[in-house]
Amino acid sequence: MRAYCTVDELMAVALARTIEDHAVVFNGVAVALPYLAILLAQKTHAPNCVFLAGLPAGVDPHPPFLPPTAGDALLLQAAVVTLPLHEIFDLAQRGELDRSFLGGGQIDRHGNLNNAWIGCDGMRVRLPGGAGAGSLSCFARKFTVWSGRHRGNGRSTLVERVDFITTVGHDTPAGSRSALHLKGGGPDRVVTDLCTFDFSGGEMRLKTLHPGISLTCVLGNMGFQPRIPGSLVQTPPPTAEEIQIIRRLDPLKVRQREFSPRQLERKFPVA
Amino acid sequence: MRAYCTVDELMAVALARTIEDHAVVFNGVAVALPYLAILLAQKTHAPNCVFLAGLPAGVDPHPPFLPPTAGDALLLQAAVVTLPLHEIFDLAQRGELDRSFLGGGQIDRHGNLNNAWIGCDGMRVRLPGGAGAGSLSCFARKFTVWSGRHRGNGRSTLVERVDFITTVGHDTPAGSRSALHLKGGGPDRVVTDLCTFDFSGGEMRLKTLHPGISLTCVLGNMGFQPRIPGSLVQTPPPTAEEIQIIRRLDPLKVRQREFSPRQLERKFPVA
Amino acid sequence: MGVCSGRDKVVSLREAAQVIRDGDTIAVGGALSARQPLALIREMIRQGRKDLASVGGAHGVDVDLLVAAGLLKSVQHSYVGFENDFGLAPNYRRVCQEGGVEILETDCNVILQRLRAASFGVPFLPMPRIAGIDLLEGNPAFRVVACPFTGETLTAVRALRPDVALIHGLKGDRAGNVHLPHPHFMDGLLATAAARTVVTVEEIVAEEEVRRLGVSIPHYLVTALAERPFGAHPTSCYPAYAYDRRHLAEYVRLAKAGKETFQRDYLDAYVNSVTEEDYLRRVGDGEHFARLTGWKDGVAAWQEVFAE
Amino acid sequence: MGVCSGRDKVVSLREAAQVIRDGDTIAVGGALSARQPLALIREMIRQGRKDLASVGGAHGVDVDLLVAAGLLKSVQHSYVGFENDFGLAPNYRRVCQEGGVEILETDCNVILQRLRAASFGVPFLPMPRIAGIDLLEGNPAFRVVACPFTGETLTAVRALRPDVALIHGLKGDRAGNVHLPHPHFMDGLLATAAARTVVTVEEIVAEEEVRRLGVSIPHYLVTALAERPFGAHPTSCYPAYAYDRRHLAEYVRLAKAGKETFQRDYLDAYVNSVTEEDYLRRVGDGEHFARLTGWKDGVAAWQEVFAE
């Protein structure tokens, strides 16, 4: 019988695969997908990845299950040690943080993100704020951008220009990353519910389409035209082992909470 | 029978009496006399004194006995908590350190101290260094200066001009304390084996003579003329309780190690 | 004066809340769903404290509640929300969008460095350059500076010294020594950065017990200490209790229902003219609290907390 | 690169000492009479390491020995000596007075702030103004700066990033997690400030045991780790052993006797061409070491250590 997974699982695997072995990785507030991705990477292709886990600041924790809030002591369980939070930012300031995961309420072609305000004046929507993403986007060697709201949001997630920059990508109205003399390298991958991107010349370039997703669908849900390479490949499917690990790590299915029931109806093949 | 104490004990009591109740007090490297003074003050007139104890950075420790080295874990025994060393300096930088105890290889009339080099060029003697006294002398609200080498050192301890300033007093060749805009208030008391001083107009002023010590003796062992008030009083004698506490705190008599046998022959009455 | 050297810091919750004065800049301990001093915050609401500025990292129900009750004139937090759990913070969002509170955009690390500057006794600290992000624009807490040694371009952030840090710990003693369970978040830094530090603890015990557990905040940094069991409720205070997801769900439901409903069905029902003892009785029965304290009975019991 | 993410850091003492290279700036852990990585230092002497710069706080026999053996080209320590115990450090004093080593005057807090700057990834840090003290004169590590916000005059100190931190801990595991017993002095800061961190421990044990005791330095900060029982001797490594006052007295006696005597009767007898096992055998018999490890048998036994 052919096995299937859902979009949350496909995305967790795609996020995990952006982690190199030996990378020092941090994730802060938003919990489920990046946490799962990092824990998964440690258990598969990146056993030497160092995981600095969220606000509790546990090093290499083994939570018995994933909580829906990053403030929970679950993220310290069986950790090597609990660090003072500032040690994580110090490490980032020293240029030793290899990768961070930054989610975007809005994402533009340069990888700038917005988690502060959407809309202007009369019609503003207040988002929660950027947490530590502003600093991390300046300092981390690389970061992975992610959003589970590519499809069905009326081009409002992937936008030509973000309304407010909480997280700096490769180019901004104030100048390019190199002109701004930032320590970090900027985003190198974007993972959405429809596809993945990398960057070329500081602009998002479509890299892979998730199984069953067409280029038209991807572009129809975006407010800008990304770079498109000559040949487009499919996002490599998760392995059965990866899916099994994810389901074991997250029995409460916290990973699905940011997706609509309709999104979760989509099935993707497992390799 | 009349009770007597020795010069080390007299000095420890005189040092203790420079500590106000509720003062936050630090002492670093040189161990015996200031440590004894602080522990004694806590057990007598300054029960609310907060003691930040040396490099081990124990808060309010109760060492079973005094060691001859401030690196020893003895100075953490029964402490409320062991702080990271930097928290002590942070507190001093915030202006919250009420008093420090700073010993001087050389002491001048303005309360500048030297623990780096004595002599010039061909004939230099290397001292151990100022430890944290440079910073502390700038930041602490007040500090007590002490030396057990007033007598018999050929005017080489209390000198007209120190050869090198490791610890800043009230006036220096670079300007006065207020002209230098330093945070702390400078030294307010000096305790030696012969007498005690306070400061008037930024200069050392004789305050009390230890029992049996004459003004001539004090001045004859100094390289400069201190201010002298109209009436000179005797250093108030230690109480029997104070001496008992000192002897109980320091059964190894570490307090006597910096004194010569001849110095220790001197007897002082106990009240 | 951060230092407070007396050896009896114990006060009532009412007195503890009086350490916070109208107009103060407050820094609330804990983070997100964990160890926030909510009994103290409820008492501040009862006492009608006003014109406060709240500064800090990633928070949730504490800031949302303070905003809803109208105590805050400004918010300088890196994040206010309920994450994957309940999403946006409804009162915070509503009042922000109505312009009822001033928002000063910030970032966890920036807040941390600004508090650090205060804790280090310096008026500013340099950071490796941050640029390109809009929170910098027109923000008086930032300057571009050149390193006096290397010439390198850096970002300087201004020291931020809160008037009061509000912290909830597990145990404390009469002198004010406090044991915080992990995670600590920025609490230690708040205590050294702030001019005053008010602490509530689950239990006041003998000094020996606090020392045995580990003193996280030494007595001389604590201005006042009150005993308040379940003082962090509905956030967690491990190992005593996990967060109360059922109560938070109710909170979010009422907050989403709008200003009037929230005033009547939450603020009046759970906070105003309600003692802390009554608050806990209204929140749930013994069985409910047994579930929150029973997280340690095993993974299944712990999962149940998150399934409510 | 401070970070070293592999999960097997265990090397021999010989290999550990090879992490330090000629010309490096080293930061030695411990302080005064406590927890200095002396086995590592003896091995560096055996290997003939040279042209090192040593930076740090208040130290004793470690710096004196390094100076005596000619490994150091410069010393930037706030204090080098034997306190009330044995007074001045004889080799250090002699070589300084002969001009055989460059002395850079400094101060504990200045060293701490300079290491902090490196640990924070910034090229400088501001301090409240220090002035009037002669260590500032012509010292390129200091600048007077104005606060960009308040205009206040401050002292800026330059970041000091050691090439290697040398630390001795109680226990460590294969991955490099290290438990340091208290007092820690500046050791944690050294590990984040330095480009590499070499650690010796009394014993390599399972990760669970290090975690249970408390990880003071997490694995990813550790470049290499070697097991070396009595690796801090003759300084203390509580709770394993107190300092060896008898050996230090002998050390000071030989150091005071002058360069030739010290070379022959200490360096040749205890360090050069002597393995660490032989070193310990020459230091004392089982009874002698039983006294050092027996400090915990009570106050009388502990006092005996200091009476030797």
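So you know, we letter chains A, B, ... as the sequences are listed, proteins then strands, and number each from 1.
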Proximity breakdown for [X] and chain A, heavy-atom pairs closer than 4.5 Å:
| X | value |
| --- | --- |
| I103(C) | side chain |
| Y243(C) | side chain |
| F185(C) | both |
| R35(C) | neither |
| E152(C) | neither |
| I130(C) | both |
| R94(C) | neither |
| W302(C) | both |
| E105(C) | side chain |
| T153(C) | neither |

Heavy-atom pairs under 4.5 Å with chain C - which of [options] has more of them than the others?
| options | answer |
| --- | --- |
| K183(A), R177(A), H181(A), H86(A) | H86(A) |
| V125(A), L127(A), V162(A) | V125(A) |
| A73(A), G130(A), A32(A) | A73(A) |
| A57(A), G71(A), G129(A) | G71(A) |
| P64(A), A131(A), P56(A), G134(A) | A131(A) |
| D171(A), L83(A), T172(A) | T172(A) |

Show the nearest heavy-atom pair for residues [X] and [Y], with the distance to one decimal.
| X | Y | result |
| --- | --- | --- |
| P128(A) | L88(C) | CD-CD2, 3.4 Å |
| V29(A) | A58(C) | CG2-CB, 3.8 Å |
| R129(C) | A179(A) | NH1-O, 4.4 Å |
| Q303(C) | P251(A) | NE2-CG, 3.5 Å |
| V168(A) | G132(C) | CG2-CA, 4.2 Å |
| N84(C) | E258(A) | ND2-OE2, 3.6 Å |

Is it the side chain or the backbone of [X] that comes within 4.5 Å of chain C heavy atoms, both, or neither?
| X | answer |
| --- | --- |
| L252(A) | side chain |
| F164(A) | both |
| T167(A) | backbone |
| Q256(A) | neither |
| D90(A) | side chain |
| L76(A) | side chain |
| P173(A) | neither |
| Q93(A) | both |
| T69(A) | both |
| A133(A) | backbone |

Look at [options] and state which one has the largest set of heavy-atom pairs under 4.5 Å with chain A.
| options | value |
| --- | --- |
| A34(C), G81(C), P128(C) | P128(C) |
| H77(C), Q113(C), H184(C) | Q113(C) |
| D85(C), T235(C), N109(C), L32(C) | N109(C) |

Kindly write out the residues that satisfy side chain to side chain contact (heavy atoms under 4.5 Å, CB included) with P67(A), not counting sequence neighbours, or none if the list is empty. D72(A), L74(A), L75(A), F306(C)
Does [X] [atom1] have over 12 foreign heavy atoms under 6.0 Å away?
| X | atom1 | value |
| --- | --- | --- |
| E137(C) | CD | no |
| R247(A) | CZ | yes |
| R126(A) | CZ | yes |

Given side chains that start at C-beta, do those of C138(A) and M127(C) come closer than 4.5 Å, heavy atoms only? no
